[in-house]
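Inspection log for the structure reproduced underneath, given as structure tokens.
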Amino acid sequence: MIDLNLLREDPAAIKASQRARGAAESLVDEAQSADAAYRKALNEFENLRAEQNAHSKLVAQAPKEEKQALVAAAQELSARVKAADAAAGEAQAALDKLVWKIENVVIDGVPEGGEDDYVVLKEVGTKRDFGFEPKDHVALGESLDMIDIERGAKISGSRFYFLKGWGARLELALMNLALDQAVEAGFTALITPTLVRPEIMAGTGFLGAHADEIYYLPADDLYLTGTSEVALAGYHRDEIVDLSEGPLRYAGWSTCYRREAGSHGKDTRGILRVHQFNKLEMFAYIDPADAEAEHARLLAWQEQMLQKCELPYRVIDTAAGDLGSSAARKFDAEAWVPSQQTYRELTSTSNCTTFQARRLNVRYRREDGKTANVATLNGTLATTRWLVAILENHQQADGSVCIPEALRPYLGGATSINPKN
RNA sequence: GGAGAAUUCGCCUAGUGGCCUAUGGCGCACGCUUGGAAAGCGUGUUGGGUGCAAGCCCUCAAGGGUUCGAAUCCCUUAUUCUCCGCCA
């Protein structure tokens, strides 16, 4: 949620952000008056409560014969306190409802507009001139016996698959390469729960507009997470974390589950868009003043991984309207996919500033001893989707796939994956 | 799945309806003492809300309830532990 102080002091900034996102500006005015009403109601309740507390002391100390009269007065006061309490509670609920609808305030420089209004920040690497008709990852996965989509569908339905042989090994190699890089950079490795309680799902903002993207287990009232970000963000919920030795950085590995409810007919071929995949996610808790610098670092680590996998890619600055509600800025790195002659997202990194931490109540102690909300940031370091780009970009004319050097130590030193016959 | 016990400040702990504006210890911080340290002594030490401020309000796992008044009584939920049962 947004900072209420900002709502009081600089509502114009929030309005500008809402405008850039194409979201309702009127929410800001509504929230402001709800805030004023809440504070008024709270004040009335607190004054009455103070009166009641004082009166209660009189009752306790009064001699027996006076007690009855005092209690009678207290009863009447008690009723008024109860009413004021209820009114304040309602005012707060009304305020919360409005405030929760306001999305994070975008950072200056984020392009305005929607999905197609991104700005390309850079293009790195060269797209290969194959000199032959490159196969797509489905054909490669099949001929190299790495990806079995048919049997995936037989077992679990569409958008499921088996990774087999070199496919399974390549996936684990990729995850291990990413994990080792993260650990070397100072991240703490975490394997996270993938089933979480409703309040964690809601707290991380995933139960909002995209609730139908999420698998839910009604018998247990648990949600399957679409990213370990959920568990990583919830990890320090209701805590005052120690940032005196620098930011807390976690590298969370988990399987991710997504219903892909809104994408029927989109990317139906192959493993580009699937219901279940693995992901290594970076997550940082940091002093808000350092958040933008950390965002740049996360992006740099992502680029490092892409370069280790020897993939041509570009980096885009996502437009305001295409940001998640928690993100104040988002960079995506997209790898070139030869069979589609287009760039496809392999990583995404969001700076959530204090928005997510405020909702999850994660704070740190500042140098002046006061507590304040931390900033949280997240970013992908590897996912199953990377296999698509790796297979397609490194395929050879003879149908084999050359293994990027950085991955070889994780694959017993193998240099290429070859067809059986 | 069944039965029982527990949850109080970073940690341990006192507390069975008004004197709890929550006890004591450990730890931590600051001060005194010291050549310096330890010990000792003293002071401080949960967070949050609201207000220009003084202050006031909330916070004893969470949420409800009873009561003029709840850490304390009742209900629900969560978590932990013990025992029994079941089990890949």
Side-chain angles (χ1 to χ4, degrees), chain A residues 1-9 31-100 155 192-204 207 216-223 230-231 234-245 248 285 288 354-374:
Chain A
M1 62 187 277
I2 55 153
D3 185 355
L4 284 184
N5 285 320
L6 188 66
L7 180 68
R8 286 160 198 167
E9 283 157 23
Q32 248 194 328
S33 56
D35 179 47
Y38 162 64
R39 285 194 283 175
K40 182 161 174 281
L42 183 67
N43 190 258
E44 281 167 17
F45 161 69
E46 286 187 353
N47 287 339
L48 278 169
R49 175 69 96 185
E51 208 180 309
Q52 184 185 36
N53 286 345
H55 193 80
S56 188
K57 233 156 264 178
L58 286 181
V59 176
Q61 287 160 6
K64 263 204 180 114
E65 57 272 22
E66 287 173 29
K67 237 174 196 161
Q68 201 156 10
L70 285 169
V71 166
Q75 271 168 338
E76 185 266 343
L77 185 56
S78 174
R80 284 166 60 205
V81 168
K82 216 169 208 173
D85 189 11
E90 275 168 38
Q92 181 164 33
L95 171 62
D96 282 350
K97 206 173 158 195
L98 287 166
V99 167
W100 281 50
I155 295 300
T192 61
T194 53
L195 287 168
V196 300
R197 300 164 176 281
E199 63 265 29
I200 296 296
M201 209 47 139
T204 42
L207 276 190
Y216 172 60
L217 276 54
D220 301 284
D221 197 20
L222 290 170
Y223 291 89
V230 175
Y235 191 67
H236 286 300
R237 188 177 186 227
D238 291 328
E239 291 182 25
I240 299 173
V241 297
D242 183 5
L243 296 184
S244 62
E245 317 239 305
L248 296 174
Y285 293 86
T354 56
F355 188 89
Q356 196 173 47
R358 192 168 293 107
R359 190 181 278 195
L360 290 166
N361 190 27
V362 184
R363 291 165 294 163
Y364 73 108
R365 202 164 295 279
R366 298 191 311 204
E367 272 180 27
D368 64 6
K370 298 233 165 83
T371 59
N373 287 110
V374 301

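In what follows, chains are A, B, ... by sequence order, proteins preceding strands, each numbered from 1. Keep in mind that what you see is a predicted model, and the values were worked out from it rather than measured. Side chains included, hydrogens not; waters and symmetry mates left out as well; all remaining heavy atoms used.
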* Paired with B:rU76 by Watson-Crick or G-U wobble geometry, both distances under 3.5 Å: which nucleotide is it? -> B:rA62
* Counterpart base for B:rC20, defined by Watson-Crick or G-U wobble contacts under 3.5 Å -> none
* Can you check side chain to side chain donor-acceptor pair (under 3.5 Å) on A:Asp221 and A:Tyr216, steps first, answer last? -> CA-CA 7 Å; A:Asp221 197 20; A:Tyr216 172 60; 2.7 Å; yes
* Taking the same atom, C1', in B:rG51 and in B:rG17, what whole-Å distance lies between them? -> 33 Å
* CZ/A:Arg363 to NZ/A:Lys370 distance, rounded to the nearest 0.5 angstrom? -> 14.0 Å
* Under the side-chain hydrogen bond (donor to acceptor under 3.5 Å, both in side chains) test, residues paired with A:Glu199 that sit two or more places apart -> none
* Structure fact -> From CG of A:Leu48 across to C1' of B:rU50 the rounded distance in Å is 15 Å
* To do: Begin from the C-alpha positions of A:Phe355 and A:Ile2 and carry the test side chain to side chain contact (heavy atoms under 4.5 Å, CB included) through to its verdict.
  => CA-CA 6 Å; A:Phe355 188 89; A:Ile2 55 153; 3.9 Å; yes
* To do: Starting from P on B:rG1, measure out to CG on A:Asp220 and report it in whole angstrom.
  => 10 Å
* **Distance, rounded to the nearest Å, where A:Phe45 contributes CZ and B:rU59 contributes C1'** => 12 Å
* What do the steps show when you test A:Asp242 against A:Tyr364 for side chain to side chain contact (heavy atoms under 4.5 Å, CB included), and what is the final call? -> CA-CA 6 Å; A:Asp242 183 5; A:Tyr364 73 108; over 6 Å; no
* Contact class for A:Arg8 (heavy atom, under 4.0 Å): base, sugar-phosphate, or nothing? -> sugar-phosphate
* **Nearest-angstrom distance, C1' atom, B:rC32 to B:rC81** => 46 Å
* Asked: Between atom CG in A:Leu42 and atom C1' in B:rC56, what is the gap in whole Å?
  -> 11 Å
* Rounded to the nearest Å, what distance is computed from the CD atom of residue A:Glu51 to the C1' atom of nucleotide B:rC57? -> 14 Å
* 5'-most contact on RNA chain B: A:Ile240 or A:Asn5, nearest heavy atom basis? -> A:Ile240
* Starting at atom CD1 of A:Ile200, determine the distance to atom C1' of B:rA62, rounded to an integer number of angstrom. => 14 Å
* Structure fact -> For B:rG36, the nucleotide meeting Watson-Crick or G-U wobble distances (both under 3.5 Å) is none
* Structure fact -> Comparing A:Arg365 with A:Ala50, nearest RNA chain B nucleotide closer to 5' gives the residue A:Arg365
* Asked: What interatomic distance, in whole Å, is found between P of B:rC58 and the corresponding atom of B:rG64?
  -> 15 Å
* Asked: According to the Watson-Crick and G-U wobble definitions, with both distances under 3.5 Å, which nucleotide is paired to B:rA70?
  -> none
* **Counterpart base for B:rU50, defined by Watson-Crick or G-U wobble contacts under 3.5 Å** => B:rG55
* Structure fact -> Paired to B:rC28 by Watson-Crick or G-U wobble criteria (both distances under 3.5 Å) is B:rG44
* Quantified in whole Å, what is the C1' atom distance between nucleotide B:rG85 and nucleotide B:rC73? -> 34 Å
* To do: Going 5' to 3' through nucleotides 64-79 of chain B, assign each nucleotide B (protein heavy atom under 4.0 Å from a base atom), S (under 4.0 Å only from sugar-phosphate atoms) or - (no protein heavy atom that close).
  => --S-BS--------SS
* Asked: Any side-chain N or O of A:Asn53 less than 4.0 Å from the OP1 or OP2 oxygen of B:rC57?
  -> yes
* To do: For B:rC74 and B:rA5, measure between their P atoms and round to the nearest Å.
  => 11 Å
* Interatomic distance at C1', B:rU76 relative to B:rU23, whole Å -> 31 Å
* **Rounded distance in Å between the P positions of B:rG10 and B:rU67** => 34 Å
* Which part of the nucleic acid does A:Arg80 contact within heavy-atom distance under 4.0 Å: base, sugar-phosphate only, or nothing? -> nothing
* Structure fact -> Pairing partner of B:rC87, by Watson-Crick or G-U wobble and under 3.5 Å for both distances, is none
* Under a 3.5 Å cut-off for both distances, is B:rA3 Watson-Crick or wobble paired, and to whom? -> B:rU82
* To do: Please report the closest heavy-atom contact between A:Phe45 and A:Ala88, naming both atoms and the distance.
  => CB-CB, 4.3 Å
* Residues in ring pair (Phe, Tyr, Trp, His ring centres under 6.0 Å) contact with A:His55, at least two apart in sequence or another chain -> none
* **Interatomic spacing from CG in A:Leu360 to CG in A:Asn373 - rounded to 0.5 Å** => 10.0 Å
* Structure fact -> In whole angstroms, the gap separating C1' of B:rU50 from CZ of A:Arg39 amounts to 8 Å
* To do: Specify the closest pair of heavy atoms between A:Arg365 and A:Ile240, including all atoms of both residues, with the distance to one decimal.
  => NH2-CD1, 3.9 Å
* **Same-atom distance (P) from B:rG25 to B:rG63, integer angstrom** => 31 Å
* **Spacing of A:Asn47 atom CG relative to B:rG51 atom P, expressed in whole Å** => 12 Å
